Amino acid sequence: MLQESEEALGTADQDGLPRRALEVLEANWRGASTVPSPALYPHQWSWDSACIAIGYSHLNQERAEQELRSLFAGQWRNGLLPHIVFADGQDYFPGPEFWRTDLSPDAPRSPHTSGIVQPPVHATSVHQVYRLGRDRARSDAFLAELLPKLEAWHDYLYRERNRGGDGLIEIWHPWESGMDNSPLWDAVFARIELSKDEVPSYERIDRKVVDPAGRPTDAEYDFYAYLVKLYRDRSYDGAPIAADCPFVVHDVLFNSLLVQSNRDLAAMAAVVGADPERHERRARETAAAIERRLWNKDDGAYLDRDVRSGEWIEVRAGSSFAPLYAGSPSPERAAFLVARLKDFSVPVEPAGRAVPSLGTEDPSFEPIRYWRGPVWPIVNWVAYRGLRRSGYDDPAAELRDGMLELVRREGFWEHYNPLTGQGQGGRQFAWTAGLMLDLLAAQEPAA
Ligand code: 2M8
């Protein structure tokens with residue numbers, strides 16, 4: 001199958017990259033789903049799995065479908081798609097005993113899950129898996145099974161997280177952004193007065209597994225744990241959380257991914273003869289709200305907003321280019337953004353560029369510490385697709401070449417140092433492998 005895969009990707013000359021990516025995915029496969037990285041993240045993560053399925057969509061229909069099915073097995077009765085589906089008996093903080101999602105009548109009794117969400121890239125993933133499936137009968141059955149679950153997931157977001165009613169969806173925890181300790185959240189945390197007795201006791205495991213210099217600080221974990229306790233104390237009931245949660249953010253990346261997922265959902269609804277209009281309308285509304293409420297014309301950038309304070313979050317993150325992926329900017333705005341992206345990105349020798357998670361000139365920039373500077377594959381994949389959809393194929397190719405070069409040289413790491421290119425964080429990282437398979441598939445065949 002491997003040789004066949006390399007041919008399918010047209011990349012047999014890529015230093016065996018497809019094979020190496022598949023080896024990582026195989027090593028992290030746990031029978032029904034894939035762990036992001038064996039020691040650091042021994043459960044199933046929501047947006048990681050969506051990206052892993054995107055990678056598998058080119059090569060292994062069965063695995064791609066199974067990955068997504070397993071994730072949706074953790075979906076709640078109210079549609080919430082949890083950010084972690086737990087495996088039994090694995091060391092990770094916070095595990096099921098900390099989340100206590102059994103306090104919610106909506107959470108499944110089995111499998112155990114967390115009680116928050118992650119960026120909604122799932123409909124895009126399911127759609128790609130459906131489109132590329134070779135066994136069409138199987139693909140049809142998969143679509144029929146997943147479509148109502150995806151609709152319930154989006155309905156949850158538009159029902160529970162749409163405070164203003166204009167389609168801009170809010171997140172309630174930094175983990176919901178997927179960018180845990182990004183400087184995006186510093187100002188939000190600075191506003192929250194946290195006394196020691198509000199922080200539940202907990203023990204971190206991550207620092208025993210990877211270099212602590214690349215992890216969030218204890219002060220950040222205090223906030224993470226405090227917020228989980230706040231949900232737990234409200235039995236994961238949306239209304240009191242919406243009323244009391246001090247962390248409420250309109251995030252650019254989350255909403256941009258949602259726009260495209262709505263479009264994918266509309267396309268899938270049309271395939272089965274259902275009405276796509278609800279999803280098309282949501283795509284339009286959320287795209288319009290991004291342009292109206294997250295474009296800061298003074299900064300010439302898309303910025304997150306702190307919903308509680310009403311203030312802009314004045315941090316230019318690598319994720320701030322995501323509206324290109326959503327296709328929401330006007331051609332003029334897109335051209336402006338593309339020029340900015342060029343300056344923001346870093347060179348990867350011998351040829352290519354990469355988007356760091358934070359601008360290297362930013363006073364908060366740290367090349368090693370997690371979401372405060374390193375190059376993340378997901379951020380680059382979003383920027384790559386955004387450039388492609390906006391017609392900027394050359395800068396897109398530069399990003400693709402840069403990412404593939406980092407992986408070729410260093411292997412499949414969680415993230416990469418934007419100054420040296422060194423692989424960092426968790427090793428043998430599954431969504432890095434998945435997204436690279438997708439970028440490889442997007443390579444033009446050799447002339
Ligand atoms: C990181 O987040 C988890 C919490 O969800 C953690 O630090 O323990 C983030 O990079 C997140 O985006 C990712 O999905 C997860 C698993 O790779 O790790």
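A quick note: this is a predicted structure, and the numbers were derived from the prediction, not measured. Whatever order the structure lists ligands and atoms in, that order sets their numbers, starting from 1.
For Asp206 and Arg204, the salt-bridge test passes: some basic side-chain N is under 4.0 Å from an acidic carboxylate O.
Checked against side chain to side chain contact (heavy atoms under 4.5 Å, CB included), Ala289 has the following partners two or more places apart in sequence or in another chain: Asp166, Leu168, Arg292.
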I'd like a table of donor-acceptor pairs (distance under 3.5 Å, sequence neighbours excluded) in which one partner is a side-chain atom from residues 312-324, with atom names and distances.
from: Ser320; atom 1: OG; to: Ala317; atom 2: O; distance (Å): 2.7

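Closer than 4.0 angstrom to ligand 1 lie heavy atoms from Pro36, Tyr41, Trp45, Trp47, Asp48, His83, Tyr92, Gln118, Trp175, Gly178, Asp180, Arg215, Tyr370, Trp371, Trp376, Phe429.
The aromatic rings of Phe247 and Phe189 sit tilted, their planes meeting at an angle between 30° and 60°. Ring orientation note: the planes of Trp45 and Tyr41 are nearly perpendicular, at an angle over 60° on the 30°/60° scale.
Identified under the ring pair (Phe, Tyr, Trp, His ring centres under 6.0 Å) test for residues 194-220, with sequence neighbours left out: Phe93-Tyr202.
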